[in-house]
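First the structure, in the form of structure tokens, and then the observations on it.
Because the structure is a prediction, the values reported are computed rather than measured. Along the sequence shown, residues carry numbers from 1. Order of appearance sets the numbers: ligands from 1, and atoms from 1 within every ligand.
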Amino acid sequence: MLETEIVETNLERESTLNARIPSDPIEQQWDKCRFNMKLVNPANRRKHSIIIVGAGLAGAAAAATLGQQGYHVDCFSYHDTPRRAHSIAAQGGINAAKNYRNDGDSIFRLFKDTVKGGDYRAREANVYRLAQISLNIIDQCVAQGVPFAREYGGLLDNRSFGGVQVSRTFYARGQTGQQLLLGAYQALEEQIAAGTVTMHTRSELLDVVIVDGRARGLVTRHLPTGRLECHAADVIVLATGGYSNVFYLSTNAKASNCTAIWRAHRRGALFGNPCFTQIHPTCIPLSSEYQSKLTLMSESLRNDGRIWVAKEKGETRAPNDIPENERDYYLENRYPSFGNLVPRDVASRNAKEVCDEGRGVGPHGQGVYLDFADAIQRLGLETVREKYGNLFEIYQRITGEDAYQAPMRIYPAPHYTMGGLWVDYHLMSTIPGLFVSGEANFSDHGANRLGASALMQGLADGYFILPCTVPDYLASTKLDPVDISHPAFRSVEAEVRTRIKALVSIKGKRSPDSFHKELGKIMWDDCGMARSDAGLRKALARIPELRDEFWRNLRIVGGDDELNQSLEKANRVSDFLELAELMCVDALNRSESCGGHFRVESQTPEGEAKRDDANFSYTAAWEWKGLGQAPILHKEPLTFEYVPLSQRSYK
Ligand SMILES: Cc1cc2nc3c(=O)[nH]c(=O)nc-3n(C[C@H](O)[C@H](O)[C@H](O)COP(=O)(O)OP(=O)(O)OC[C@H]3O[C@@H](n4cnc5c(N)ncnc54)[C@H](O)[C@@H]3O)c2cc1C
């Protein structure tokens, strides 16, 4: 309980953080900032080396663009090809304020929706820039040949996502992430062929090397052989994705983990809002305790699917036998303006509430119906199949049920992490020369991310922001030549080796997965959809005990100088066991409710999240002080000049 007690003694620092937000009117900030940035002469670019870790949408976009500019780029991924990055799983779509539907959309409306959707815990300047750049992203991707869905006349089609009243989501059936990633991958491959980008697949970052206070390199493990390698560069970019797998069960790819950002955090990068995680309302419910993965059913389904449960508890009839007047379309009833398209946090909490009341459906009562009967009647079976066919097929393959005939069963599941490494307006962390993009940074989404805006952010960061801010850093910083013979590399490599040897030599009885599963349950129960002071304190007492046992009783099969997936997992779980504690410390400190962070002590009489703007209108950025030591809280105050603070309402 060390951490909790120390947080209460208020070991916090007034902000020394400089977010480098331009002082111009918000509409002009990014353009003026870009104009004032320094440029690198094309002939000098090849003299600069840039390391990008991650080849998902955020990393591949940045690597391709910086490579095209002429920099010498090394790109790392633990996958065997960039095409396997978790981004490929994204289903529903990507937002952009193109206003093709002429339904009242604009940059300002996307900006406002995102600030409000994030429950006023995001930085206004970043969100405005994101909305501005959203227009360029679609043009860029169309130029690459990304096959966005089109209307009959050939124009790009749009659909709606939660928390908004316009149609601004561009999509490629239920495979938007895959198609966007293929676009970014092609651009990356072009640069690999041109010799500007060198791709290092199956190489996992295990530590960051700091020289004279600046990020100058990495230590990686070559997964097929276990060989440790050092790499030096002028700038490092982490685009390593999110950490929802701290919950063990999540919609993320099984391999997604926090190691890159956590190791950077241990080297001095502050961690922003670690407790801000998103629980997605429409996932296939858990069916067995042996399950190791949860599957998303895209939010786009809420465009046409209607969510309901029976009005009475303990209903046992099949859904199609329950008459209309005995059904409770609870989102439509409680939130008439937004109905089934309320934001994810609101939809998830409501699903939990009706299940907690005993009205849940399915074998464990942990589910609600998502029903397409009306849509099929209104639009016809073929139209519904065209729009959502592959999602219905995923559902059918996993559950064995035909959602064209009977409603789907859905339940909330961990899905996305709004927290991540703190970055300034230039996307640079508190370690000079270490930039962070995509889901890995603490991002533009505040306490709740609106659907279809992660792809938008990852591509804005990768195609448009880093290609300006990284060159500006290079042009305005005097960097002494550093190579891997520098003693800092030897010392970090030795630390990495010691940690790996320590893991392999424990030779206890429990597998990495068994620790991960137990940690996930603690986090789901006490730092999941609803959090309380008592629950968080319980978790904070239990996590260090579990971590101690991990270091005493872990069993890894095989050695460290070979392909060893058991070791890879253990290494990642060792980081989750530290990150989980920081998430609970952050959640305990933030005694308000906001967005996906629902503190049961802080709710409105109607049971909605109740913010405490007087005390918590800030980004929490935590500083690592060592294992078992209390982290220090730095606060970046948030001001809302353009979207005035108000209680969110979707009624
Ligand atoms: C099922 C699902 C559906 C989704 N649908 C949508 C959607 O419709 N719209 C939307 O906007 N968002 C969606 N999201 C969210 C979105 O897909 C992700 O937030 C986004 O793709 C993350 O991209 P990224 O580039 O930041 O990270 P990732 O795609 O996760 O890529 C991470 C990269 O980093 C590498 N890496 C990580 N750690 C290391 C390390 N230590 N060493 C070396 N390499 C490392 C990996 O190999 C990988 O290449 C969805 C998410 C899920 C789970």
Side-chain angles (χ1 to χ4, degrees), residues 51-63 75-96 137 159 161 169-172 174-181 184-185 188 199-208 218-223 237-245 250-253 255-264 278 280 282-284 293-300 344 391 394 413-418 420 436-441 443 445 449-459 461-462 568 571-572 575:
I51 281 179
I52 296 180
V53 188
L57 282 175
C75 184
F76 293 79
S77 163
Y78 58 66
H79 288 100
D80 54 355
T81 157
R83 287 171 56 181
R84 284 202 210 288
H86 158 71
S87 290
I88 205 164
Q91 299 174 347
I94 175 167
N95 287 332
I137 296 172
R159 56 190 178 196
F161 264 52
T169 305
F170 294 77
Y171 65 100
Q175 316 171 341
T176 315
Q178 180 174 358
Q179 298 305 332
L180 292 172
L181 191 61
Y185 170 73
L188 180 63
M199 190 69 218
H200 305 255
T201 54
R202 305 191 79 186
S203 288
E204 182 158 22
L205 178 162
L206 293 187
D207 219 330
V208 176
L218 311 177
V219 175
T220 57
R221 183 167 180 272
H222 181 241
L223 300 180
V237 176
L238 299 184
T240 50
Y243 53 87
S244 285
N245 278 343
S250 90
T251 61
N252 284 196
S256 294
N257 67 83
C258 69
T259 290
I261 55 172
W262 188 252
R263 303 272 166 112
Q278 175 163 84
H280 196 296
T282 56
C283 303
I284 300 180
K293 171 90 187 68
L294 292 171
T295 305
L296 178 79
M297 286 286 98
S298 167
E299 175 166 324
S300 59
R344 292 176 179 178
L391 300 171
I394 294 174
H415 176 67
Y416 182 88
T417 44
M418 284 79 71
V436 193
S437 65
E439 196 173 338
N441 71 28
S443 85
H445 311 293
R449 175 174 72 80
L450 290 183
S453 40
L455 301 180
M456 172 172 71
Q457 182 225 330
L459 291 180
D461 291 359
E568 289 167 28
N571 207 12
R572 295 166 189 169
D575 292 322

Check your understanding: So, Asp575 and Thr259: side-chain donor and acceptor under 3.5 Å apart, yes or no?
Key -> yes
Point to revise | Closest non-hydrogen atom pair between Leu294 and Ile284, with its separation | key: CD2-O, 4.0 Å
In a simple table, one pair per line, please give the protein and ligand 1 atom names for every N or O pair closer than 3.5 Å, along with the distance.
from	atom 1	to	atom 2	distance (Å)
ligand 1	5 (N)	Gln91	N	3.2
ligand 1	8 (O)	Gln91	N	3.4
ligand 1	8 (O)	Gly92	N	2.7
ligand 1	8 (O)	Gly93	N	3.0
ligand 1	9 (N)	Gly93	O	2.8
ligand 1	11 (O)	Ser453	N	3.4
ligand 1	11 (O)	Ala454	N	3.0
ligand 1	11 (O)	Leu455	N	2.8
ligand 1	19 (O)	Glu439	OE1	2.6
ligand 1	21 (O)	Ser87	OG	2.9
ligand 1	23 (O)	Ser87	OG	3.0
ligand 1	25 (O)	Leu57	N	3.2
ligand 1	25 (O)	Ala58	N	3.0
ligand 1	26 (O)	Glu439	N	3.0
ligand 1	29 (O)	Ser87	N	2.8
ligand 1	29 (O)	Ser87	OG	2.5
ligand 1	34 (O)	Ala239	O	3.4
ligand 1	41 (N)	Leu205	O	3.3
ligand 1	42 (N)	Leu205	N	2.8
ligand 1	44 (N)	Tyr78	N	3.3
ligand 1	47 (O)	Ser77	OG	2.9
ligand 1	47 (O)	Tyr78	N	3.4
ligand 1	47 (O)	His79	ND1	2.7
ligand 1	49 (O)	Ala55	N	2.9

Practice item. Mind running side-chain contact (heavy atoms from CB on, under 4.5 Å) on Ser298 and Phe161 for me, showing each step along the way? Key: CA-CA 10 Å; Ser298 167; Phe161 264 52; 4.2 Å; yes
Exercise for review: Could you pull out all residues at least two apart from Ala255 that satisfy side-chain contact (heavy atoms from CB on, under 4.5 Å)?
Suggested key: Tyr78, Arg572
Exercise for review: Please state whether the rings of His200 and Phe76 are parallel, tilted or perpendicular, taking 30° and 60° as the class boundaries.
Suggested key: parallel
**Study point:** Candidates Glu439, Gln457, Gln278 - the one meeting side chain to side chain donor-acceptor pair (under 3.5 Å) with His445
**Key:** Gln457
